[in-house]
Amino acid sequence: MTERTQVGIVGAGPAGLLLSHMLHLAGVESVVFERGNREHVGTRLRAGGLEHGAVALLERVGLGARMRKLALSVAATDFRFDGCGHRVDFRAITGHPFTIYPQYEIVSDLLEARAAAGGEVRFDTPVRRIDGLESARPVIHYEAGGSVRRLECDFIAGCDGYHGVCRQAIPASVQRVFEENYPFGWLGILAEVAPPSLEVAYACHERGFAMQSFRAPTISRMYLQCPPDDRADNWSDERIWSELALRLDVPDRPPVARGPIVQKSVTAMKSFVVEPLSYGTLFLAGDAAHIVPPTGAKGLNSAMADIALLAPAFAAFYRTGRREGLDGYSAACLRRTWQVQRFAAEMCTLLHRFPGASDYAWRLQREKLAYMTGTATGMRTYAESFVGLPFEP
Ligand code: APR
């Protein structure tokens, strides 16, 4: 027997879960498929910061209660280079703070809301392929109980991340891929220690980029630029702390605070966009559609901004039968996406030490930082992009 639903969603990351929740609020039925288990999805240590548009969206869809209790509000970024700290108060410039509320908390709020509403999120259920995208009856082929089964849908939402199967179902002849790989990675650590300040610090140092952030008042999240193929076990705790201090510590700022490191991992860095974001009855959102280097904290926010466009487009179709929102989704989403790409790529090139860069390039890089942090125009340009573009056009 073939099962049916209105919107079949592949992937239970923030994009897929938020879409399923917003569709439910609009009276649209969906089924979410996730190859990982609930524990894996709910505890992954990923992004941690929300733009004001993302906070407003979570409030609007009834997910503000725990966020209001647990979230921390950040007013400024402290840029450290040439031995000094340069504080950019983006809240004073734009009127908007940046909100620290980790991705695992958002995912757990979404999973709880889906469960309370009797929503269907099928864990341990990998999707093997999707087809029929040129028709009004696309099919998701998923694995369950040792066999491959079918779910017929009106539409499929590909929220299955960068390595997912949905994007691959679009014929190569209609797909254009834009991609940039960077010659470095990030060693990220989580440490059980209060950060020296509840602000985010970015260091652009001769030895490489470093960042000081946090996930909670007593949990620090720190990053170090490292070679792209480096391994976390090359880094002893002592080496991590001394390198963080070398890159981040400057006079007039509290020094890096050391504590037990409870997690460390290396991430490669890339920029990626696929165009278009839809094909027939398939719509891509989140990391399946675009990736940014993490400098600038845009990945999670972009995934949510996609859904802020896609969910109302589906809702309008089911309410009125009109397809304008769905037909315009790719173009509208790409406009915002490319602005986000611009900011993330600029921040990435501005703050990292590029292997082999000439003395001229390295000197100019710090001059660009001085302009961005020392002039009203430079600060405003940073502040507006960092706190985030509007979520809907
Ligand atoms: N079948 C079922 N599930 C799949 C399949 C498949 N074939 N392929 C991938 N998935 C699942 C993954 O296990 C993952 O849980 O899709 C989910 C995609 O989730 P994310 O990678 O978190 O992507 P997204 O929801 O787009 O969120 C993007 O979150 O972590 C950040 O850097 C990321 O900030 C960005 C944002």
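We use all heavy atoms of the structure for the numbers below, so side chains are in, but hydrogens, waters and symmetry mates are not. We count ligands from 1, going down the list as the structure has it; atoms in each ligand are counted the same way. Remember, it's a predicted structure, so these values are computed and weren't measured experimentally.
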Under 4.0 Å from one or more heavy atoms of G13, ligand 1 contributes atoms 17 (C), 19 (O), 22 (O), 25 (O)
For G286, the atoms of ligand 1 under 4.0 Å from one of its heavy atoms are 26 (O)
Here the atoms of ligand 1 under 4.0 Å from any heavy atom belonging to F33 are 2 (C), 3 (N)
Ranked by distance from atom 1 (N) of ligand 1, the top protein heavy atom is V127 N, 2.9 Å
Can R336 be said to sit on top of W338's aromatic six-ring, NZ or CZ under 6.0 Å from centre and within 45° of the ring axis? no
Tested for side chain to side chain contact (heavy atoms under 4.5 Å, CB included) against F283, the lone hit among S278, C166, P276 is S278
- May I ask whether P126 has any heavy atom positioned less than 4.0 angstrom from an atom of ligand 1? yes
So the atoms of ligand 1 within less than 4.0 Å of a heavy atom of C159 turn out to be 16 (O), 17 (C), 18 (C)
Nearest non-hydrogen contact to atom 27 (O) of ligand 1 from the set G161, A12, P14 belongs to P14
heavy-atom search around atom 25 (O) of ligand 1 in the protein gives A15 N, 3.0 Å
Among non-hydrogen protein atoms, atom 34 (O) of ligand 1 lies closest to L300 N, 2.7 Å
Closest to atom 12 (C) of ligand 1 (heavy atoms only, candidates E34, Q103, K298, R128) is E34
Check for a donor-acceptor pair, side chain of Q6 on one end and backbone N or O of V28 on the other, with a separation under 3.5 Å. no
heavy-atom search around atom 33 (C) of ligand 1 in the protein gives D287 OD2, 3.1 Å
Among non-hydrogen protein atoms, atom 9 (C) of ligand 1 lies closest to D160 O, 3.1 Å
Of all protein heavy atoms, the one nearest atom 21 (O) of ligand 1 is R46 NH2, 3.3 Å
Quiz item: Is NZ or CZ of R122 both nearer than 6.0 Å to the six-membered ring centre of Y142 and within 45° of the ring axis?
Solution: yes
the protein heavy atom lying closest to atom 8 (N) of ligand 1 turns out to be R35 NH1, 3.5 Å
Report the C-alpha separation of D109 and Y101 in whole Å, then their side-chain angles, then the decisive distance to 0.1 Å, and conclude whether the side-chain hydrogen bond (donor to acceptor under 3.5 Å, both in side chains) test is met.
CA-CA 11 Å; D109 294 346; Y101 189 57; 2.7 Å; yes
*asked:* Is it the case that the side chain of H21 and the backbone of L17 share a donor-acceptor pair, with hydrogens and angles ignored and the cut-off at 3.5 Å?
replied: no
Exercise for review: Taking R247 for its side chain and Q225 for its backbone only, find out whether a donor-acceptor pair lies under 3.5 Å.
Suggested key: yes
Identify whether NZ of Lys or CZ of Arg in R167 sits under 6.0 Å from the centre of the six-membered ring of Y162 and within 45° of that ring's axis.
yes
- Query: Between R137 and C153, is there a donor-acceptor pair closer than 3.5 Å when you use the side chain of the first and the backbone of the second?
  - Reply: no
Do the side chain of D89 and the main chain of A76 share a donor and acceptor less than 3.5 angstrom apart? no
Near G11 (heavy-atom distance under 4.0 Å), the atoms of ligand 1 are 11 (C), 16 (O), 17 (C)
